[in-house]
Amino acid sequence: MARMAAAMVVVVAVAVAAAAGGARAQLKDGFYEQSCPRAEEIVKRYVQQHIPHAPSVAATLIRTHFHDCFVRGCDASVLLNATGGGEAEKDAAPNLTLRGFGFIDRVKAAVEAECPGVVSCADILALAARDAVVVIGGPSWRVPTGRRDGTVSIKQEAMDQIPAPTMNFTQLLQSFQNKSLDLADLVWLSGAHTIGIAHCNSFTERLYNFTGRGGPGDADPSLDPLYAANLRRTKCPNPADNTTIVEMDPGSFLTFDLSYYRGVLKRRGLFQSDAALITDAAAKADIESVVNAPPEVFFQVFARSMVKMGMIGVKTGSEGEIRKHCAVVNKH
């Protein structure tokens, strides 16, 4: 088993290098080496100082980075406030529960104090997400930098492009392929749910109204019935509850580990999109292989997919801008 795991790690390391190769002309390691040498250190130190006191923020930073990259690429458009009577990405339903905006603003302020107008909000978000996962004991990965910040943020685009928790496997895979990600990326990026939380109203249809008949007898048959009963009794007794938070990986949601996948295999994923992962033979086989391997294998494959995701539709060179404040575009 150790020999097989080591072989998998080598393959993944090669895959990470290949994924990074296509974007090397746009992003590069140490992009700020000359213009702001301490930029990455400032981000890392802020994260190291604050995440231990609020470890659940690591999950929201990963989720914010993911939601950002899936709409207009990794350009920090998810951080922008609405202007001119319109609504921005952060006003879309999938983003209403994101809690990391203030955290990113404070990191940005620390970097701006060192190097005004040099480091993008998009890079700060990508770096902070990685560093936060490391602080809670998860994997590290390369974050080449040089992203520029977008100037447009539209609510409807977030509604249309961020994968929904109600999606089946075909819909999920198409959503990922639309962003040049593949089946493996879908499986491994879903592993971030190991530190995730969800509000009751994001999955209560699975508990009370899966077919439209309504009531506790109308639960999603793909959800373990004992687990569903426990959720109805102890977590979400009110189907309309939009405030109660439930751990996506009960018992270890602050630990970056394999227990999320073990729960999925036991039909205990909270979302339909979690359950969908084992409706595809290849995806299920990937999950079964990783839960039987050392944790380092999951860390490697997750890192590979994070590198790829962080390069979706990046703006570089003279595209976009370097925002002074992450929530607003610069005044010209």
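Quick caveat: nothing in here was measured; it's all calculated off a predicted structure.
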If you look at every heavy atom in A76 and A122, which pair is closest and at what distance? CB-N, 3.6 Å
Just wondering, do V307 and R304 contact through their side chains at under 4.5 Å, heavy atoms? no
Given 3.5 Å as the limit, does a donor-acceptor pair link the side chain of E321 with the main chain of G150, or not? no
What are the two closest non-hydrogen atoms of A275 and T279, and how far apart are they? O-CG2, 3.7 Å
Would L79 and R323 count as a side chain to side chain contact (heavy atoms under 4.5 Å, CB included) here? Give the steps. CA-CA 11 Å; L79 305 180; R323 278 184 232 142; 4.2 Å; yes
I'd like to know if the side chain of N168 and the backbone of A276 have a donor-acceptor N/O pair within less than 3.5 Å. no
From W141 atom CH2 to F302 atom CZ, the distance as rounded to the nearest 0.5 Å: 5.0 Å
Distance alone, cut at 3.5 Å: any donor-acceptor contact between the side chains of D249 and S259? yes
Same cluster (ILVMFWY, side-chain, under 4.5 Å), L223 and F210: no
Can you label the angle between the F203 ring and the F271 ring as parallel, tilted or perpendicular, going by 30° and 60°? tilted
Tell me if a side-chain donor or acceptor on S77 pairs with a main-chain N or O of S153 at a distance below 3.5 Å. no
Looking only at the side chains, is there a donor atom on one of Q156 and D160 sitting less than 3.5 Å from an acceptor on the other? yes
Honestly, is K266 close enough over Y227, meaning NZ or CZ under 6.0 Å from the six-membered ring centre and within 45° of the axis? no
So do K284 and I287 actually touch side chain to side chain, heavy atoms under 4.5 Å? no
Checking E114 side chain against I42 main chain: does a donor-acceptor pair fall under 3.5 Å? no
Does the side chain to side chain contact (heavy atoms under 4.5 Å, CB included) test come out yes or no for T97 and I197, once each step is laid out? CA-CA 10 Å; T97 53; I197 55 176; over 6 Å; no
Heavy-atom check, side chain of I136 versus side chain of L254, under 4.5 Å: no
Going through the distances and angles, do I154 and R72 end up as a side chain to side chain contact (heavy atoms under 4.5 Å, CB included)? CA-CA 10 Å; I154 300 171; R72 293 185 169 266; 3.6 Å; yes
Side-chain contact test, heavy atoms from C-beta onward, threshold under 4.5 Å: evaluate it for F70 versus L181 and give yes or no. yes
For the residue pair F176 and F66, categorise the inter-ring angle as parallel (less than 30°), tilted (30 to 60°) or perpendicular (more than 60°). tilted
Report yes if the side chains of T194 and L258 come closer than 4.5 Å at any heavy-atom pair, otherwise no. no
How far does CG of D68 sit from CE of M309, to the nearest 0.5 angstrom? 8.5 Å
Nearest heavy-atom approach of V111 to A39 is CG2-O, 4.4 Å
Interatomic distance, OG1@T166 vs CG@L172, rounded to 0.5 Å, equals 9.0 Å
Between K308 and D182, does any side-chain N to carboxylate O distance fall below 4.0 Å? yes
Parallel, tilted or perpendicular, as decided by the 30° and 60° cut-offs, for the rings of H193 and Y260: perpendicular
Is there a donor-acceptor pair under 3.5 Å between the side chain of N242 and the backbone N or O of N201? no
I'd like to know if the side chain of R206 pairs up with that of S222 as donor and acceptor (distance under 3.5 Å, no hydrogens or angles considered). yes
Answer yes when D29 and R142 have at least one side-chain N-carboxylate O distance shorter than 4.0 Å, and no when they do not. yes
Nearest heavy-atom approach of V71 to E157 is CG1-CB, 3.8 Å
In this structure, would V135 and V133 fall into the same cluster of hydrophobic residues linked by side-chain contacts under 4.5 Å? yes
Is the shortest side-chain heavy-atom distance between T64 and L125 below 4.5 Å? yes
Test your reading of the model: is there a side-chain donor-acceptor pair from E247 to the backbone of G251, 3.5 Å cut-off? yes
Treat each ILVMFWY residue as a node, draw an edge where side-chain heavy atoms are under 4.5 Å apart, and state whether V187 and V291 are in one component. yes
Between D218 and T211 (side chain of the first, backbone of the second, donor and acceptor by atom type, cut-off under 3.5 Å), is there such a pair? yes
Would you call E40-K44 a salt bridge at under 4.0 Å N-O? no
May I ask you to check whether D241 and T243 show a side-chain donor-acceptor distance below 3.5 Å? yes
Linked, directly or transitively: L186 and I162 (ILVMFWY side chains, under 4.5 Å): no
CG/D149 to CD/E319 distance, rounded to the nearest 0.5 angstrom? 12.0 Å
Judged by atom type as modelled, is there a donor-acceptor pair below 3.5 Å linking the side chain of T145 to the main-chain atoms of F31? yes
Separation between NZ of K108 and CD1 of I124, rounded to the nearest 0.5 Å: 4.5 Å
Check: D91 side chain, K155 main-chain N or O, donor-acceptor pair, under 3.5 Å: no
Measure the NZ-CZ distance between K315 and R147 for me, rounded to the nearest 0.5 Å. 12.0 Å
Hydrophobic cluster identity match, V57 and F253, side-chain contacts under 4.5 Å: no
Where L277 and S190 come nearest, the two heavy atoms and their spacing: CD1-CB, 3.7 Å
Would you say that more than 12 heavy atoms from the other residues, nucleotides or ligands in this model lie under 6.0 Å from the NE2 of H325, or not? no
Show the nearest heavy-atom pair for residues G320 and R148, with the distance to one decimal. O-NH2, 3.4 Å
Can you tell me if CD on E33 sees more than 12 non-hydrogen neighbours from other groups inside 6.0 Å? no
Walk me through it: do L183 and D286 pass the test side chain to side chain contact (heavy atoms under 4.5 Å, CB included)? CA-CA 10 Å; L183 183 147; D286 280 346; 3.8 Å; yes
Looking at D224 and R268, is there a salt bridge between them, counting it only when a charged N and a carboxylate O are closer than 4.0 Å? yes
Using side-chain heavy atoms (C-beta onward) and a distance below 4.5 Å, is V118 in contact with I322? no
Below 4.5 Å, heavy atoms only, C-beta onward: do S56 and R99 meet side chain to side chain? yes
Between D131 and Y46, is the side chain to side chain donor-acceptor pair (under 3.5 Å) condition met? List the steps. CA-CA 10 Å; D131 294 341; Y46 188 94; over 6 Å; no
